[in-house]
Each structure stands twice: as structure tokens, then as C-alpha cells.
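Each remark here refers to the structure printed beneath this line.
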Amino acid sequence: MKLDLNTLSLKELKDLQSQVAKAISGYEDRRKREALAELEEKAKTLGFSLSELTGVTTGRKRSPSTAKYANPANAADTWSGRGRKPRWFSEALAKGKKPDDMAI
């Protein structure tokens, strides 16, 4: 593939640059996945897992949190008490309700 870069406009050159960057990133990702799969297979044939050999553990799996509060207007709307407060919870607090009033 031979391109005459001198004949391309600035927009075409920038588009080409973007495409090349994406292609490089995709190539590197593909090669990493292939190498990882090859190493995992080799470790498996030797009777180990790759994490055992490298000392790297996979992140802990979190179980979904259980709901602690329910929307008084719609019991299907629930909140675990983690993260950002839902709008219905904040509005109920503003109207004078207490968190215990909405507890499940």
C-alpha cells in the first residue's frame, strides 16, 4: 500500500492518523490477549493457574448489595444505601420522612 501523503488534505491526514492510532492499539491489544492465552495454556498443562505462578490474584467478586430502603410511592424502587441517594429518597427526607420510615 503506497500513499502519497503530500496530496492529502489536512483533514485526510488527521483521519489517517486516527485510523493508524486505532490500528496500533488494536494490534497491541490483540497481541497481549494472544500472549496471555498462550501463557495460561502453558501454565494449565503444567498443572497451575497463571495467577498462582505470577502471584497476582484476581479481584474479589462482590455480591450484589441487598436493598435497605423502598420508595413509599412505588415499592419496586429500592436503594441499598450505597452510592448516590435516589431522588425519591432525598424528596421523602425533605418532606419530613425519616430513613427508618422507608426501611425494608
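Numbering of residues begins at 1 and proceeds along the displayed sequence.
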Task: pair Thr7-Glu12: side-chain heavy atoms closer than 4.5 Å - done: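 Result no, sub-4.5 Å side-chain heavy-atom pair not found.
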Open item on the list: Could you tell me if the side chain of Lys42 sits less than 4.5 Å from the side chain of Leu39, heavy atoms only?
Closed with: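 No - every pair of side-chain heavy atoms lies 4.5 Å or more apart.
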TODO: Show your working on side chain to side chain contact (heavy atoms under 4.5 Å, CB included) between Arg87 and Ser90 and close with a plain yes or no.
DONE: CA-CA 5 Å; Arg87 184 176 295 133; Ser90 299; 5.8 Å; no
Open item on the list: Minimum heavy-atom separation for Pro99 and Leu93, please, with both atom names.
Closed with: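 Scanning both residues, the minimum pair turns out to be CD-CD2, 3.7 Å.
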TODO: Scan for salt bridge (charged side-chain N to carboxylate O under 4.0 Å, His left out) pairs involving residues 90-104, sequence neighbours excluded, and state none if there are none.
DONE: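 Of all non-adjacent pairs touching residues 90-104, none passes salt bridge (charged side-chain N to carboxylate O under 4.0 Å, His left out).
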Side-chain donor-acceptor pairs of residues 68-79 under 3.5 Å, sequence neighbours excluded:
{"unit_1": "Asn71", "atom_1": "OD1", "unit_2": "Ala73", "atom_2": "N", "d": "3.0"}
{"unit_1": "Asn71", "atom_1": "ND2", "unit_2": "Asp77", "atom_2": "OD2", "d": "3.3"}
{"unit_1": "Asn74", "atom_1": "OD1", "unit_2": "Ala76", "atom_2": "N", "d": "3.1"}
{"unit_1": "Trp79", "atom_1": "NE1", "unit_2": "Arg82", "atom_2": "O", "d": "2.9"}
{"unit_1": "Trp79", "atom_1": "NE1", "unit_2": "Arg84", "atom_2": "O", "d": "3.4"}

TODO: Look up atom NZ in Lys44 and atom CG in Leu50, then write down how far apart they are to the nearest 0.5 Å.
DONE: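 Result: 12.5 Å between the selected atoms.
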Open item on the list: I'd like to know if Leu46 and Leu53 are part of one continuous hydrophobic network [Ile/Leu/Val/Met/Phe/Trp/Tyr, side-chain heavy atoms within less than 4.5 Å].
Closed with: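 Yes: a chain of side-chain contacts under 4.5 Å links Leu53 to Leu46.
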Give the table of side-chain donor-acceptor pairs shorter than 3.5 Å for residues 13-35, with sequence neighbours excluded, one pair per line with atom names and distance.
{"unit_1": "Asp15", "atom_1": "OD2", "unit_2": "Lys11", "atom_2": "NZ", "d": "3.2"}

